[in-house]
Amino acid sequence: AYPNDGLLIWHIDARTDAANYDFIYDNSYTEHKLLRLMEADGLEEIEQNKWADGGDYYTQGNSFSFYTTPSNARYCGLTSGFTIDNISEPSETMIFNVTAPQNLPQITSIEKLKNPFRLKINGNNIQSGAVALIGYDNVPWTSVSYQESSIILEKGNKLKKKFVKGVPTKFIIINPDGSAARGTYTR
């Protein structure tokens with residue numbers, strides 16, 4: 001029997017390795033998990049090797065957003081951009097609202113700029129203030145500039161080291177509203 005009834009929310013980071021063969025993260029004893037139950041009571045008991053309990057369920061009156069505990073933040077600390085609220089009473093069929101960012105960004109092309117090395121990522125709906133996660137980093141690459149519908153990743157040799165020659169490197173562009181686009185670049 002379950003300790004309560006309600007809605008369970010999972011944080012999933014299913015990014016794959018460069019070969020698209022395996023997940024980068026697993027559920028070993030690390031802070032960054034492939035699957036993580038977002039405990040509604042915010043107590044993180046499962047992370048402390050304790051049991052799940054009734055407080056882990058989201059019930060009527062609960063919500064899940066960047067401003068709640070726990071929050072919808074990505075592992076890098078930026079918002080994921082969605083909110084879950086207006087959760088119904090527990091029943092066989094539950095109803096809730098999900099609000100997600102509108103106008104998702106799209107990557108249309110990537111240009112290598114020289115002297116110093118930079119990448120210009122062109123697309124649609126790339127917002128000023130966007131950042132990039134490169135490879136397996138959970139710390140945003142913030143050395144960027146913006147042009148209309150483009151973000152330029154800067155820092156010359158430091159940036160070049162992130163994109164190893166001949167190796168496809170994945171990246172994510174994250175807008176301030178949490179919307180995101182994924183891409184791969186091979187130098």
Side-chain angles (χ1 to χ4, degrees), residues 9-28 30-36 38 47 64-84 98-187:
I9 299 175
W10 293 88
H11 181 167
I12 301 170
D13 188 345
R15 287 184 280 169
T16 57
D17 60 19
N20 285 323
Y21 179 74
D22 202 0
F23 297 114
I24 300 170
Y25 304 103
D26 59 25
N27 275 38
S28 62
T30 63
E31 186 66 25
H32 196 134
K33 307 284 188 202
L34 170 66
L35 299 168
R36 182 177 191 160
M38 304 309 295
E47 295 301 312
F64 183 66
S65 74
F66 188 65
Y67 304 102
T68 59
T69 301
S71 82
N72 73 2
R74 299 167 186 269
Y75 280 107
C76 66
L78 299 173
T79 182
S80 62
F82 73 91
T83 298
I84 297 174
V98 177
T99 306
Q102 302 297 312
N103 301 318
L104 298 176
Q106 296 174 325
I107 297 170
T108 56
S109 65
I110 303 169
E111 298 174 55
K112 180 175 88 170
L113 305 176
K114 297 180 180 182
N115 300 324
F117 176 79
R118 292 164 291 152
L119 287 180
K120 182 177 182 184
I121 301 167
N122 302 301
N124 301 310
N125 302 317
I126 296 175
Q127 301 168 357
S128 179
V131 296
L133 293 179
I134 301 171
Y136 307 122
D137 289 352
N138 285 314
V139 176
W141 188 265
T142 55
S143 297
V144 297
S145 60
Y146 308 95
Q147 292 180 354
E148 189 174 327
S149 295
S150 298
I151 182 171
I152 300 172
L153 307 183
E154 302 175 340
K155 276 289 195 197
N157 286 332
K158 281 188 176 182
L159 179 63
K160 205 176 213 181
K161 288 178 184 176
K162 294 284 185 183
F163 292 92
V164 177
K165 193 166 193 160
V167 177
T169 303
K170 296 180 180 188
F171 63 88
I172 305 171
I173 302 299
I174 304 172
N175 281 332
D177 70 2
S179 59
R182 298 174 187 270
T184 302
Y185 178 75
T186 303
R187 182 167 71 88

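When a residue number appears, it is its place in the shown sequence, counting from 1. Here the structure is a predicted model, which is why all the values come from computation and not from measurement.
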Visitor: Distance check, rounded to the nearest 0.5 Å: Phe66 atom CZ versus Leu78 atom CG?
Guide: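 Phe66 atom CZ to Leu78 atom CG measures 7.0 Å (nearest 0.5 Å).
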
Visitor: Give, for atom CE of Met38 and atom CD1 of Ile9, the distance between the pair rounded to the nearest 0.5 Å.
Guide: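 One gets 8.5 Å once the value is rounded to the nearest 0.5 Å.
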
Visitor: Taking salt bridge (Lys or Arg N to Asp or Glu O under 4.0 Å) as the test, write out the residues that go with Arg15, two or more places apart.
Guide: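 Arg15: salt bridge (Lys or Arg N to Asp or Glu O under 4.0 Å) contacts with Asp13.
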
Visitor: Which distance, rounded to the nearest 0.5 Å, do you find between the CD of Gln106 and the CD1 of Ile126?
Guide: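 Going from CD on Gln106 over to CD1 on Ile126, the span is 9.5 Å.
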
Visitor: Does any pair with a residue in residues 105-117 pass salt bridge (Lys or Arg N to Asp or Glu O under 4.0 Å), and if so which ones, sequence neighbours excluded?
Guide: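 As it turns out, there is no salt bridge (Lys or Arg N to Asp or Glu O under 4.0 Å) pair with a partner in residues 105-117 once direct neighbours are skipped.
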
Visitor: Please confirm whether the backbone N or O of Val167 pairs with a side-chain atom of Thr169, one donor and one acceptor, at under 3.5 Å?
Guide: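 Side chain of Thr169 to backbone of Val167: a pair is present.
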
Visitor: Could you state the interatomic distance from OH (Tyr25) to CG (Asn138), rounded to the nearest 0.5 Å?
Guide: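 So the OH of Tyr25 and the CG of Asn138 are separated by 4.0 Å.
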
Visitor: Return the set of residues passing ring-ring contact (aromatic ring centres under 6.0 Å, His included) with Tyr136 (not counting sequence neighbours), or none when no residue passes.
Guide: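 For Tyr136 there are no ring-ring contact (aromatic ring centres under 6.0 Å, His included) partners, ignoring immediate neighbours.
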
Visitor: Could I get the full list of salt bridge (Lys or Arg N to Asp or Glu O under 4.0 Å) partners for Arg36, not counting sequence neighbours?
Guide: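 Partners of Arg36 by the salt bridge (Lys or Arg N to Asp or Glu O under 4.0 Å) criterion, ordered by chain and then number, come out as Glu31, Glu44, Glu47.
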
Visitor: If every non-hydrogen atom of Ser80 is compared with every non-hydrogen atom of Pro101, which pair is closest and at what distance?
Guide: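 Taking every non-hydrogen atom into account, O-CG, 4.5 Å.
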
Visitor: Which residues satisfy the side-chain contact (heavy atoms from CB on, under 4.5 Å) test with Thr16, sequence neighbours excluded?
Guide: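 Expected list: Asn20, Phe23, Lys170.
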
Visitor: For residues 172-182, tabulate all N or O donor-acceptor pairs below 3.5 Å that involve a side-chain atom, not counting sequence neighbours.
Guide:
residue: Asn175; atom: OD1; partner: Gln127; partner atom: N; Å: 2.8
residue: Asn175; atom: ND2; partner: Asn125; partner atom: O; Å: 2.9
residue: Asn175; atom: ND2; partner: Ser179; partner atom: OG; Å: 3.1
residue: Asp177; atom: OD1; partner: Ser179; partner atom: N; Å: 2.8
residue: Asp177; atom: OD1; partner: Ser179; partner atom: OG; Å: 2.6
residue: Asp177; atom: OD2; partner: Gln127; partner atom: NE2; Å: 3.0

Visitor: Identify, with sequence neighbours excluded, every residue that meets side-chain contact (heavy atoms from CB on, under 4.5 Å) alongside Tyr67.
Guide: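 side-chain contact (heavy atoms from CB on, under 4.5 Å) list for Tyr67, sorted by chain: Ser65.
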
Visitor: As a quick check of understanding, evaluate side-chain contact (heavy atoms from CB on, under 4.5 Å) for Trp141 and Lys158, giving each step before the final call.
Guide: CA-CA 11 Å; Trp141 188 265; Lys158 281 188 176 182; 4.0 Å; yes

Visitor: Determine whether Arg187 and Lys160 satisfy the following criterion, side-chain contact (heavy atoms from CB on, under 4.5 Å), listing intermediate values before the conclusion.
Guide: CA-CA 8 Å; Arg187 182 167 71 88; Lys160 205 176 213 181; 3.4 Å; yes

Visitor: Measuring from atom CG of Asn72 to atom CD1 of Ile84, what distance do you get when rounded to the nearest 0.5 angstrom?
Guide: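 These two atoms lie 8.5 Å from each other.
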
Visitor: Under the side-chain hydrogen bond (donor to acceptor under 3.5 Å, both in side chains) test, which residues partner Asn103, sequence neighbours left out?
Guide: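 Applying side-chain hydrogen bond (donor to acceptor under 3.5 Å, both in side chains) to Asn103 gives none.
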
Visitor: Show me the pairs that pass ring pair (Phe, Tyr, Trp, His ring centres under 6.0 Å) and involve residues 160-187, at least two apart or across chains.
Guide: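 Applying ring pair (Phe, Tyr, Trp, His ring centres under 6.0 Å) to every pair that reaches into residues 160-187, excluding sequence neighbours, yields Phe163-Tyr185.
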
Visitor: Report yes if some heavy atom in the side chain of Asn124 is under 4.5 Å from a heavy atom in the side chain of Pro105; otherwise report no.
Guide: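 They are not in side-chain contact.
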
Visitor: Using the test side-chain hydrogen bond (donor to acceptor under 3.5 Å, both in side chains), find all partners of Lys162 that sit at least two apart in sequence or belong to another chain.
Guide: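 Lys162 satisfies side-chain hydrogen bond (donor to acceptor under 3.5 Å, both in side chains) with Asp137 once adjacent residues are dropped.
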
Visitor: Got a sec, which pairs hit salt bridge (Lys or Arg N to Asp or Glu O under 4.0 Å) with one end in residues 66-82, sequence neighbours left out?
Guide: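 Those involving residues 66-82 do not exist here.
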
Visitor: Sequence neighbours left out, cut at 3.5 Å: what donor-acceptor pairs do the side chains of residues 143-154 make with other protein atoms?
Guide:
residue: Ser145; atom: OG; partner: Glu154; partner atom: OE2; Å: 2.8
residue: Tyr146; atom: OH; partner: Gly129; partner atom: N; Å: 3.3
residue: Tyr146; atom: OH; partner: Ala130; partner atom: N; Å: 3.2
residue: Tyr146; atom: OH; partner: Ala130; partner atom: O; Å: 2.5
residue: Gln147; atom: OE1; partner: Lys120; partner atom: NZ; Å: 2.9
residue: Ser150; atom: OG; partner: Asn122; partner atom: OD1; Å: 2.6

Visitor: Working to the nearest 0.5 Å, report the span between CD1 of Ile24 and CG of Asp26.
Guide: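 If we round to the nearest 0.5 Å, Ile24:CD1 and Asp26:CG are 11.5 Å apart.
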
